[in-house]
*Asks:* 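Sharing a structure here in structure tokens format.
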Amino acid sequence: MDSDLAEAVDALKAICAKRKLPCTFGKAPQALVDELKKQLRVPPRFRNYLLAANPEKVETVTPVERIRLIPAGELVKAQDLVKTPGENGAAPPADWKPAWVVIGESSLLGDPYFLDTSKPDPEGDCPVYTAMSGQDRWVPTLAASSFAQFLRILATAMEIAAGFGDAIMDDEDEDAFREALGPKVKIIDAAALRAGHWT
């Protein structure tokens, strides 16, 4: 795993420990990762992440979102999340693209977080998008320009959330949290800030 990605994972581990949230990373078996490369075409940087820091039990918690990172062993099944009917039996939108690979999900809203493997960068990383579930169409919104930046944003959001305590949030608290997060996201990934998902 390259140093940039390793730093992002370490930041996530550190803030989970500081906030006393369960956070378990392991190492995915090489054979499983090779299979994921074949089945889902996951890019090199994400494969290296799974080999070194497979998110066995990792969920980030902030006033506005809870994001569960999906472990290697569940990734193939996770792709079905976006293809199964919603609670009311409504058919899922059919415009899900084969290049989109679900790597996380919102525990609050059920929205997927996914890599767009059709847009790899020179490091073998891809942008991360999210889209609202339960809609007529999937409308992707950029969450981060790369997977490493996505992890960094999650860790930063958790750091800011630590200042808000664990009380139930009202709308003003949520607004204050988003306002505090905005400038930090801008430093990590200006394109993600402009996309508006985090603010």
*Asks:* Measuring from atom OG1 of Thr60 to atom CZ of Arg68, what distance do you get when rounded to the nearest 0.5 angstrom?
*Replies:*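 So the OG1 of Thr60 and the CZ of Arg68 are separated by 11.5 Å.
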
*Asks:* Is the backbone of Ile188 close enough, under 3.5 Å, to the side chain of Gln149 for a donor and an acceptor to pair up by distance?
*Replies:*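 Answer holds: yes.
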
*Asks:* Might you point out which heavy atoms bring Leu193 and Lys186 nearest each other, and give the distance in Å?
*Replies:*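 Nearest heavy atoms, Leu193 then Lys186: CD2-CB, 3.4 Å.
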
*Asks:* What heavy-atom pair brings Val9 and Ala53 nearest, and what distance separates the two atoms?
*Replies:*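 The pair with the smallest heavy-atom distance is CG1-CB, 3.9 Å.
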
*Asks:* Apply side chain to side chain contact (heavy atoms under 4.5 Å, CB included) to residues Val58 and Thr24 and explain how you reach the verdict.
*Replies:* CA-CA 6 Å; Val58 181; Thr24 312; 5.8 Å; no

*Asks:* Does some side-chain heavy atom of Leu69 sit less than 4.5 Å from a side-chain heavy atom of Leu151?
*Replies:*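 A side-chain contact under 4.5 Å exists here.
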
*Asks:* Grab the two heavy atoms, one from Pro140 and one from Tyr129, that are nearest each other, plus how far apart they are.
*Replies:*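 Here Pro140 and Tyr129 meet closest at CB-CD2, 3.8 Å.
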
*Asks:* Run Trp198 and Val185 through side chain to side chain contact (heavy atoms under 4.5 Å, CB included) and show every step you take.
*Replies:* CA-CA 8 Å; Trp198 302 104; Val185 172; 4.1 Å; yes

*Asks:* Kindly indicate, with the supporting measurements, whether the criterion side chain to side chain contact (heavy atoms under 4.5 Å, CB included) is fulfilled by Phe177 and Ile160.
*Replies:* CA-CA 7 Å; Phe177 172 78; Ile160 291 168; 3.7 Å; yes

*Asks:* Can you tell me how far apart SG (Cys16) and CE (Met158) are? Round to the nearest 0.5 Å.
*Replies:*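 Answer rounded to 0.5 Å: 3.5 Å.
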
*Asks:* Do Asp4 and Arg45 sit within salt-bridge range, that is, some charged N less than 4.0 Å from a carboxylate O?
*Replies:*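 Yes.
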
*Asks:* For Arg47 and Val42, work out which heavy atoms get closest and say how close.
*Replies:*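 The answer is NH1-O, 2.6 Å.
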
*Asks:* Are Trp96 and Val139 connected, step by step, through hydrophobic side chains (Ile, Leu, Val, Met, Phe, Trp, Tyr) whose heavy atoms are closer than 4.5 Å?
*Replies:*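 Result: no, two separate clusters.
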
*Asks:* Given the side-chain rings of Tyr49 and Phe147, with only the six-membered ring counted for Trp, is the space between their centroids under 6.0 Å?
*Replies:*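 Between Phe147 and Tyr49, which both carry aromatic rings, the centre distance is below 6.0 Å.
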
*Asks:* Does the side chain of Leu142 reach to within under 4.5 Å of the side chain of Thr130, using non-hydrogen atoms?
*Replies:*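 A side-chain contact under 4.5 Å is absent here.
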
*Asks:* Quick one: do Ile70 and Val76 end up in the same hydrophobic cluster if we chain Ile, Leu, Val, Met, Phe, Trp and Tyr together by side-chain heavy atoms under 4.5 Å apart?
*Replies:*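 Cluster IDs for Ile70 and Val76 match.
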
*Asks:* For the CZ atom of Phe150 and the OG atom of Ser145, what is their distance to the nearest 0.5 Å?
*Replies:*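 Reported to 0.5 Å precision, the distance equals 12.5 Å.
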
*Asks:* When you look at Glu59 and Ser107, which way does the side-chain hydrogen bond (donor to acceptor under 3.5 Å, both in side chains) test go after all the steps?
*Replies:* CA-CA 8 Å; Glu59 183 177 74; Ser107 307; 2.3 Å; yes

*Asks:* Checking side chain to side chain contact (heavy atoms under 4.5 Å, CB included) for the pair Asp116/Cys126: CA distance, chi angles, key distance, verdict?
*Replies:* CA-CA 6 Å; Asp116 184 348; Cys126 297; 5.5 Å; no

*Asks:* Got a second to check how far Lys27's NZ is from Glu56's CD, nearest 0.5 Å?
*Replies:*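 That separation rounds to 10.0 Å.
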
*Asks:* Flag the pair Lys38 and Glu35 as a salt bridge only when some basic side-chain nitrogen lies within less than 4.0 angstrom of an acidic carboxylate oxygen.
*Replies:*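 Result for this pair is yes, salt bridge flagged.
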
*Asks:* Could you tell me which non-hydrogen atom of Ala144 sits nearest to which non-hydrogen atom of Ile153, and how far apart they are?
*Replies:*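 Ala144 and Ile153 have their closest heavy atoms at CB-CD1, 4.1 Å.
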
*Asks:* Would a 4.5 Å heavy-atom cut-off, applied to side chains only, mark Trp138 and Val82 as touching?
*Replies:*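 Trp138 vs Val82: side chains touch.
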
*Asks:* Do Trp100 and Tyr113 have ring centroids that are under 6.0 Å from one another?
*Replies:*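 No, ring centres 6.0 Å or more apart.
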
*Asks:* Rounded to the nearest 0.5 Å, what separates atom CG in Leu181 from atom CZ in Arg178?
*Replies:*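 Answer for the CG-CZ pair, Leu181 versus Arg178, is 8.5 Å.
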
*Asks:* Do you know which two heavy atoms are closest between Ala148 and Ala8, and how far apart they sit?
*Replies:*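 Of all heavy-atom pairs spanning Ala148 and Ala8, the closest is O-CB, 3.7 Å.
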
*Asks:* Given Leu115, which of Val102, Leu40, Val128 fulfils the side-chain contact (heavy atoms from CB on, under 4.5 Å) condition?
*Replies:*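 Running side-chain contact (heavy atoms from CB on, under 4.5 Å) over Val102, Leu40, Val128 with Leu115 returns exactly one hit, Val128.
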
*Asks:* Say whether, by atom type as modelled, one donor and one acceptor occur between the side chain of Asp111 and the main chain of Ser133 under 3.5 angstrom.
*Replies:*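 Judged by distance alone, yes, a pair lies under 3.5 Å.
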
*Asks:* Would a hydrophobic clustering, with Ile, Leu, Val, Met, Phe, Trp and Tyr connected at side-chain separations under 4.5 Å, put Ile15 with Leu21?
*Replies:*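 Linked within one cluster.
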
*Asks:* Apply side-chain hydrogen bond (donor to acceptor under 3.5 Å, both in side chains) to the pair Glu159 and Thr156, showing each step before the final yes or no.
*Replies:* CA-CA 5 Å; Glu159 187 75 51; Thr156 301; over 6 Å; no

*Asks:* Any donor and acceptor pair, going by atom type alone, linking the side chain of Thr117 with main-chain N or O of Ala99 inside 3.5 Å?
*Replies:*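 Answer holds: yes.
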
*Asks:* What distance do Asp34 atom CG and Gln39 atom CD have between them, rounded to the nearest 0.5 Å?
*Replies:*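 The CD atom of Gln39 is 12.0 Å from CG of Asp34, to the nearest 0.5 Å.
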
*Asks:* Is the count of non-hydrogen atoms from other residues, nucleotides or ligands lying under 6.0 Å from Met132 atom CE greater than 12?
*Replies:*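 No, the 6.0 Å shell around CE holds no more than 12 heavy atoms from other groups.
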
*Asks:* Would you mind reporting whether Glu65 and Leu109 have side-chain heavy atoms less than 4.5 Å apart?
*Replies:*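 Yes. Closest side-chain heavy atoms under 4.5 Å.
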
*Asks:* Are the side chains of Leu50 and Phe25 in contact, using a 4.5 Å heavy-atom criterion?
*Replies:*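 A side-chain contact under 4.5 Å is absent here.
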
*Asks:* So do the side chains of Leu36 and Arg41 get within less than 4.5 Å of each other, counting heavy atoms only?
*Replies:*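 No; the side chains remain at least 4.5 Å from each other.
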
